[in-house]
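Reviewing the structure listed below.
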Amino acid sequence: MTKMAAFKLLSSVLMLLLLQSGVFCARRFRGGRNPQPRRAPPPPPPPPPTYRAGDRGEAAESFPLDFTAVEENMDNFMTQVKNLAQSLYPCSAQKLDHDMKLNFLENTSVTCNDGSSAGYYLKESRGSRRWLIFLEGGWYCFTKENCDSRYETMRRLMSSSKWPQTKTGTGILSPLPEENPHWWNANMVFVPYCSSDVWSGATVKTEQRGYAFMGSLIIQEVVKDLLNKGLDNAKVLLLAGSSAGGTGVLLNVDRVAELLERLGHTGIQVRGLSDSGWFLDNKQYDCTECVDAVSCAPTETIKRGIKYWGGVVPEKCKQTHEGEEWNCFFGYRVFPSIKSPVFVVQWLFDEAQLTVDNIQLTGQPVQEGQWRYIQNLGIELRNTLKDVPAMFAPACLSHEVITRNYWIDVQVKGTSLPRALHCWDRSLHENRNNKAPPKGCPVHLIDSCPWPHCNPTCPTIRDQFTGQEMTVIQFLMHMGFDVQKMAQQQGMDPNKLLGMLSSGS
């Protein structure tokens, strides 16, 4: 066999091996839907002697391929080719690293509540020009007294002193394609919530206040730091968040876009994804004394908080609600002022909203007045979302979804949330290129059924006392659901309605 023939053979075999390695890798990481429980990846074995370092400065090793006497030494030749394929293929099991790693901000003057360093977790995806920055949620505090209490009971939400060195992403932060079909290979950033201010504050720690509130500044500094880690070459930056982090997205997405533009990075497309942060400034079902974030009416906590935090809101919204800037913390009020594209994810029966509205869903079945209040909440949320172009609103009783590993299973009108987000990406791309939006790819998805968990793809409900799973009919009966009355309202036979509920229709 001539040397040229050997080279051709090498090329063919190497391509075959690379393809086989790719198939193996895909099989290894696609697996079944929603693997439970999630296991941390095993520690990587020592790298094989076939690895050749790239631009990281590691010691470089290479393979001397011996083409002499190939016909007499085919087994040895194939061993060399296999070693080379393993060294080149980036999805080799030895090279995988699922975890995001902790980085503290370079600007040490921007801190958590207690003055400890703020930071973020990062998992780079070399070659990808898509970045996802996720803002964690976790309620808030708005007086010295309830911040002191929060510091004693939930210190990790006010201090970085005990943050772990690594964090494994789930849901939209997962590196596994079967759990995160469209964003698994993006650069992932998780920003821990340690400012207790709905990501709005810009106030240093003082003796009188006792705490720093720098949520808005933390986001700005994270973006600046990431520019030195590859964000400067990004095509798309998705600012996402859940709960208080979802509200933080609405408050900060335009500020991030303006920061990048000011620093000369005009080619980065900034978008927002707000999950479970679209709260209503409605009247509580049962008014109680305002002691903490859970017992106070939503408007009262924000009115007090924005002063205590030195909260910053979008400029246009501030002008619209001058003197009453607290309005800008409520999605339907701030949304019209946002310039960046934003996708809103919101359960129609949000547990956190019901909590601040003083609807307790444990213990005795809810009363008729509470049941009406819950149904009206779904109607109110639907009305505030009707003019949002891109949204996903299932009729479920839950809170937060995009970082749950079941996020791919929930559907509205036959479309899953990852699919809806992919359609949104495509529509934005087509819009930038003056093309018509893709057909059969919906982005405005809202349930029309009238009660909690009437959508059969809602997350599983568990009895909070026994931990046992509840069927939809068990849950609705616990909620005080009157089958006869509801069937009459819907113009249906009660037995037919019971059958539909039992089957999850």
Any side-chain heavy-atom pair of Ser242 and Glu136 under 4.5 Å: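 Answer no - side chains too far apart.
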Side-chain heavy atoms of Leu417 within contact of Val410, under 4.5 Å: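 No; the side chains remain at least 4.5 Å from each other.
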Please check if the number of heavy atoms outside Glu261 that lie under 6.0 Å from its CD is greater than 12.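 Open.
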Is Lys307 atom NZ crowded by more than 12 heavy atoms from other residues, nucleotides or ligands, each under 6.0 Å away?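 Counting other residues, nucleotides and ligands, NZ of Lys307 stays at 12 neighbours or fewer.
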So does [X] pair up with [Y], basic N to acidic O under 4.0 Å?
X: Arg404; Y: Asp409; answer: no
X: Glu124; Y: Arg126; answer: yes
X: Glu221; Y: Lys224; answer: yes
X: Lys318; Y: Glu322; answer: no
X: Lys205; Y: Asp114; answer: no

Side-chain donor-acceptor pair under 3.5 Å between [X] and [Y], yes or no?
X: Gln353; Y: Asn282; answer: yes
X: Tyr211; Y: Asp148; answer: yes
X: Asp225; Y: Asn103; answer: no
X: Thr143; Y: Arg304; answer: no
X: Thr168; Y: Asp99; answer: yes
X: Tyr151; Y: Asn113; answer: no

Angle class for the [X]/[Y] ring planes (parallel below 30°, perpendicular above 60°, tilted otherwise)?
X: Phe104; Y: Trp163; result: parallel
X: Phe142; Y: Tyr140; result: tilted
X: Phe279; Y: His399; result: tilted

Does the ring centre of Phe335 sit less than 6.0 Å away from the ring centre of Trp278?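 When the ring centroids of Trp278 and Phe335 are compared, they turn out to be within the sub-6.0 Å range.
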Is it true that Tyr120 and Phe190 have ring centroids separated by less than 6.0 Å?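 Between Tyr120 and Phe190, the centre distance exceeds or equals 6.0 Å.
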Rounded to the nearest 0.5 Å, how far does [atom2] of [Y] lie from [atom1] of [X]?
X: Thr384; Y: Met391; atom1: OG1; atom2: CE; value: 8.5 Å
X: Met214; Y: Gln220; atom1: CE; atom2: CD; value: 12.5 Å
X: Phe329; Y: Thr299; atom1: CZ; atom2: OG1; value: 13.0 Å
X: Glu325; Y: Thr320; atom1: CD; atom2: OG1; value: 10.5 Å

Stepwise side chain to side chain contact (heavy atoms under 4.5 Å, CB included) check, Thr170 with Asn180: CA-CA 8 Å; Thr170 54; Asn180 188 12; over 6 Å; no
By the disulfide bond (SG atoms under 2.5 Å apart) test, which pairs, at least two apart or in different chains, include something from residues 169-260?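 Sorted result for residues 169-260: Cys112-Cys194.
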Mark yes or no for whether Asn405, through its side chain, and Gly171, through its backbone, hold a donor-acceptor pair below 3.5 Å.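 Not at all, since once roles are kept as given, no pair shorter than 3.5 Å links the two residues.
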Counting only N and O atoms by type, is there a donor-acceptor contact under 3.5 Å from the side chain of Asn252 to the main-chain atoms of Trp199?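 Yes, because the side chain of Asn252 sits within donor-acceptor range (under 3.5 Å) of the backbone of Trp199.
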Pairs touching residues 328-345 that satisfy side-chain hydrogen bond (donor to acceptor under 3.5 Å, both in side chains), sequence neighbours left out: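 Checked against side-chain hydrogen bond (donor to acceptor under 3.5 Å, both in side chains) - neighbours excluded - the pairs reaching residues 328-345 are Asp254-Ser340, Asp281-Tyr332, Asp281-Arg333, Asn327-Arg333.
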Using the rule given for side chain to side chain contact (heavy atoms under 4.5 Å, CB included), can you reason through Trp347 versus Val401, listing the C-alpha separation, both sets of side-chain angles and the distance that settles it, and then say yes or no? CA-CA 9 Å; Trp347 303 110; Val401 63; 3.4 Å; yes
Start with the C-alpha gap between Asp197 and Ser200, add the side-chain angles, then the distance that decides, and say whether side chain to side chain donor-acceptor pair (under 3.5 Å) holds. CA-CA 6 Å; Asp197 57 3; Ser200 71; 4.8 Å; no
My understanding is that only residues two or more places apart in sequence, or in another chain, count here; which of them pass ring pair (Phe, Tyr, Trp, His ring centres under 6.0 Å) with Trp131?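 For Trp131 there are no ring pair (Phe, Tyr, Trp, His ring centres under 6.0 Å) partners, ignoring immediate neighbours.
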